[in-house]
Amino acid sequence: MASYTSLYRKYRPDAFDKMLGQKHIIKTLSNAVLSGKVSHAYLFTGTRGTGKTSTAKIFARAINCLTPRSDGSPCGECEVCKALLSPNNIDILEMDAASNNSVDDIRDLIEKVKYVPVACKYKVYIIDEVHMLTMQAFNALLKTLEEPPEHTVFILATTEVHKLPQTILSRCMRFDFRLLSTVELADYLEGIFKKEGREYQKEAVRAIAEAGDGSVRDMLSVADMCLSYTNEKLTYEDVLEVLGASSPQLVASLCAAIVDNDAKKALEITDKILSLGKSVALLARDVAKMMRAMLYILNCSNANRFLAMPKDLFDTMSDIANRTENGALVRIIEIFVNIENALRTSSSPTVTLEMSIVKACDMTIDLDGDAVIRRLRDVESKIRTMAKHFGDSDAALKLDLGEVWGYLLNTMKSSNSQQAYTCAVGITDENLSFDDGVLYINVESEKNLPIIKQFLAQFESVIRRRYFEITAVKISFDDKEKALNRDVERVKNLFDEEMVNVTNSKK
């Protein structure tokens with residue numbers, strides 16, 4: 001029986017057009033191949049699994065290919081390409097600096113550099129995890145890296161570029177490999193599953209892509225496990241089982257309890273999830289991811305295009321999201337993201353998680369500056385509500401329209417509603433009025449009316465939760481005559497009406 005080849009090895013790219021993402025890098029390297037302008041030293045840096053080593057191997061063969069393709073990729077057909085694919089090839093040498101990091105290893109490499117290539121134009125040295133070299137090894141490499149023989153090209157690859165000496169960095173042409181988006185990974189994985197003849201749910205593919213955290217290699221490792229888990233159609237639930245993730249509906253119910261400040265219910269659900277054998281660290285991560293998804297739901301009209309969740313789960317989360325606001329979600333996410341390090345060193349991870357859950361449910365436990373400010377604002381709002389109920393006429397207890405408008409402007413700015421912010425920035429609190437629970441906003445430019453209306457439709461519920469006195473928000477447009485009359489009335493209120501004389505002048 002033939003041995004199984006992992007997806008990562010099977011679909012490892014052998015040409016530039018098969019590289020996923022990194023278009024800025026591929027274009028530069030392709031131009032270098034086609035123009036013949038090859039540098040003596042390159043530095044590839046970026047997170048694991050983003051294609052650094054694959055790109056280095058393709059580039060090493062491309063600069064030696066006798067007839068490169070139109071995109072600069074090696075043709076794979078010429079005698080040099082065939083020679084470089086042979087296991088006996090000695091013109092492209094790979095060195096793992098993690099296990100060969102001493103000064104003697106580098107001296108041995110430098111000794112080989114003086115020899116000309118056997119079948120190629122360039123002798124290429126690919127040094128992976130180069131940050132693992134000792135300082136003495138770096139110093140030994142420096143002179144050769146600065147003035148290598150014309151037939152030699154160095155390609156250094158690292159995940160931790162900050163550990164490289166500046167003297168090395170300054171002698172290399174640097175390329176930064178970025179993490180890939182979930183959409184890019186999911187599209188790529190769908191193509192692989194189709195080639196493999198495997199049926200799948202789109203939600204399953206999305207879940208695998210998210211688990212990859214921007215890395216092609218990590219994603220394909222998860223995909224391998226998922227395909228081994230079942231021979232049937234790969235489902236969303238199958239992927240969750242493989243990942244050891246908690247049931248999304250159970251996590252959603254936990255998130256709902258946290259949002260509703262119900263610590264008792266939250267702890268009961270937590271105990272139920274953990275009793276199923278789920279990892280404490282994974283549960284904390286699942287909660288953070290679900291709270292993040294709710295941020296998308298609150299702020300993006302097409303959130304499920306990014307989240308690609310099953311409809312019933314998305315509807316459940318939308319209902320929970322509408323019971324909270326951005327500030328509360330950000331605070332909860334911070335709590336669950338910050339406990340990741342604590343869980344690694346904790347002698348009782350379950351207790352650490354439970355403490356975080358109670359803290360997320362009860363903001364009075366949180367003593368950071370933002371939390372204190374939020375609690376003070378809540379107290380102020382409750383005082384205003386009580387004052388209104390008991391007929392208190394103290395002006396200090398009335399709704400501060402300037403504060404409300406400042407909050408609205410900041411929300412527009414922070415939620416990427418740049419168009420609404422640009423239209424609204426000229427409005428002042430003088431354009432606001434408040435009567436019987438209704439906040440009235442007057443817009444003096446009719447073309448700005450629909451844009452601001454669209455924003456308010458999305459965030460009105462957030463405004464009402466923040467300011468308990470506000471039960472509705474209404475927006476209107478006054479033409480110039482109405483605006484003038486309003487300004488006149490404002491002036492008359494400031495001065496004795498008999499002192500005000502209104503005249504119309506036309507140029």
*asked:* Taking the side chain as everything from C-beta on, heavy atoms only, tell me whether Leu295 gets closer than 4.5 Å to Met291.
replied: no

Quick note, ring-ring contact (aromatic ring centres under 6.0 Å, His included) partners involving residues 252-277, not counting sequence neighbours, are none

* What do the steps show when you test Met317 against Ile297 for side chain to side chain contact (heavy atoms under 4.5 Å, CB included), and what is the final call? -> CA-CA 8 Å; Met317 291 179 61; Ile297 292 170; 3.8 Å; yes

message = Main chain of Thr158, side chain of Glu129: is a donor-acceptor contact present, judged purely on distance under 3.5 Å?
response = no

| Should Leu254 and Leu283 count as side-chain neighbours, where that means a heavy-atom distance under 4.5 Å? | yes

Derivation and outcome, side chain to side chain contact (heavy atoms under 4.5 Å, CB included), residues Phe175 and Thr45: CA-CA 6 Å; Phe175 294 92; Thr45 176; over 6 Å; no

All heavy atoms of Ala360 vs all of Ile335, minimum pair found to be CA-CD1, 3.7 Å

- Task: Before giving the answer on side chain to side chain contact (heavy atoms under 4.5 Å, CB included), spell out for Val351 and Ser346 the whole-Å C-alpha distance, their side-chain angles and the decisive distance to 0.1 Å.
- Result: CA-CA 9 Å; Val351 174; Ser346 174; over 6 Å; no

Are any non-hydrogen side-chain atoms of Asn299 and Asn326 less than 4.5 angstrom apart?
yes

Contacts of Asp218 meeting salt bridge (charged side-chain N to carboxylate O under 4.0 Å, His left out) (sequence neighbours excluded), chain-then-number -> Arg48

For this session: Tell me, yes or no, whether the heavy-atom count around Glu160 atom CD, taken from other residues, nucleotides or ligands under 6.0 Å, exceeds 12.
Result: yes

Examine the side chains of Asp238 and Thr235 and answer whether a donor and an acceptor come within less than 3.5 Å of each other.
-> yes

| query | Heavy-atom distance under 4.5 Å between the side chains of Val473 and Tyr440, does that happen here? | reply | no

Q) Are any of the side-chain heavy atoms of Asp96 and Ser99 separated by less than 4.5 Å? A) yes

- Decide yes or no for Val216 and Leu180: does some side-chain heavy atom of the first lie under 4.5 Å from some side-chain heavy atom of the second? yes

Between the CE atom in Met294 and the CD atom in Glu325, the distance rounded to the nearest 0.5 Å is 13.5 Å

d(Leu329 CG, Arg292 CZ) to nearest 0.5 Å is 12.5 Å

Residue set satisfying ring pair (Phe, Tyr, Trp, His ring centres under 6.0 Å) with Tyr11, at least two apart, ordered chain then number -> none

Tightest non-hydrogen contact, residues Thr316 and Ala252, listed as CG2-CB, 4.1 Å

Salt bridge (Lys or Arg N to Asp or Glu O under 4.0 Å) pairs touching residues 247-272, sequence neighbours excluded, are Asp260-Arg323, Lys264-Glu268

Those residues at least two apart in sequence (or on a different chain) that pass ring pair (Phe, Tyr, Trp, His ring centres under 6.0 Å) with Phe314 are none

_Criterion side chain to side chain contact (heavy atoms under 4.5 Å, CB included) on Met219 and Leu189, from CA distance to verdict_ = CA-CA 8 Å; Met219 178 191 70; Leu189 186 58; 4.0 Å; yes

Correct closest heavy-atom pair for Ala288 and Val337 would be CB-CG2, 4.3 Å

Sidechain-backbone polar pair: Lys57 side chain, Lys52 backbone, donor-acceptor under 3.5 Å:
no

Kindly list each side-chain donor-acceptor pair under 3.5 angstrom involving residues 18-27, sequence neighbours excluded, with atom names and distances?
| residue | atom | partner | partner atom | Å |
| --- | --- | --- | --- | --- |
| Lys18 | NZ | Asp14 | OD1 | 3.1 |
| Gln22 | OE1 | Arg178 | N | 3.1 |
| Gln22 | NE2 | Thr50 | O | 3.4 |
| Gln22 | NE2 | Arg178 | O | 2.8 |
| His24 | NE2 | Asp176 | O | 3.3 |

Those residues at least two apart in sequence (or on a different chain) that pass ring pair (Phe, Tyr, Trp, His ring centres under 6.0 Å) with Phe59 are Tyr42

Those residues at least two apart in sequence (or on a different chain) that pass ring pair (Phe, Tyr, Trp, His ring centres under 6.0 Å) with Tyr188 are none

Check for a donor-acceptor pair, side chain of Lys163 on one end and backbone N or O of Met132 on the other, with a separation under 3.5 Å. no

query = So, Phe177 versus Phe44, ring centres under 6.0 angstrom or not?
reply = yes

ask   = If only atom types and distance count, is the side chain of Ser356 paired as donor or acceptor with the main-chain N or O of Thr352 below 3.5 Å?
value = yes

Contacts satisfying ring-ring contact (aromatic ring centres under 6.0 Å, His included) that involve residues 261-299 (not counting sequence neighbours) are Tyr296-Phe306

Distance col, row Glu190:CD vs Leu185:CG, nearest 0.5 angstrom, shows 12.0 Å

On a heavy-atom basis, the closest approach of Ser54 and Tyr8 is OG-OH, 4.2 Å

Hey, does Ile332 have a side-chain heavy atom less than 4.5 Å from the side chain of Phe336? yes

Across all chains, not counting sequence neighbours, the side chain to side chain donor-acceptor pair (under 3.5 Å) partners of Arg198 are none

All heavy atoms of Phe16 vs all of Asp71, minimum pair found to be CD1-O, 3.6 Å

In short, side-chain hydrogen bond (donor to acceptor under 3.5 Å, both in side chains) pairs touching residues 222-231 with sequence neighbours left out are Tyr4-Asp224

OG of Ser253 to CD1 of Ile273, rounded to nearest 0.5 Å, is 6.0 Å

CD1 (Ile441) and OG (Ser433) are apart, to the nearest 0.5 Å, by 9.0 Å

Subject >> Flag, side chain of Glu184 to backbone of Ser181, donor-acceptor distance under 3.5 Å >> reply: yes

Tightest non-hydrogen contact, residues Ala97 and Leu133, listed as CB-CD2, 3.9 Å

Are any of the side-chain heavy atoms of Ile155 and Leu43 separated by less than 4.5 Å?
no

Between the CZ atom in Arg217 and the CG atom in Leu7, the distance rounded to the nearest 0.5 Å is 14.0 Å

Sorted by chain and number, sequence neighbours left out, salt bridge (charged side-chain N to carboxylate O under 4.0 Å, His left out) with Lys10 holds for Glu196

The single option from Leu243, Val242, Leu227, Leu234 that satisfies side chain to side chain contact (heavy atoms under 4.5 Å, CB included) with Ile208 is Leu234

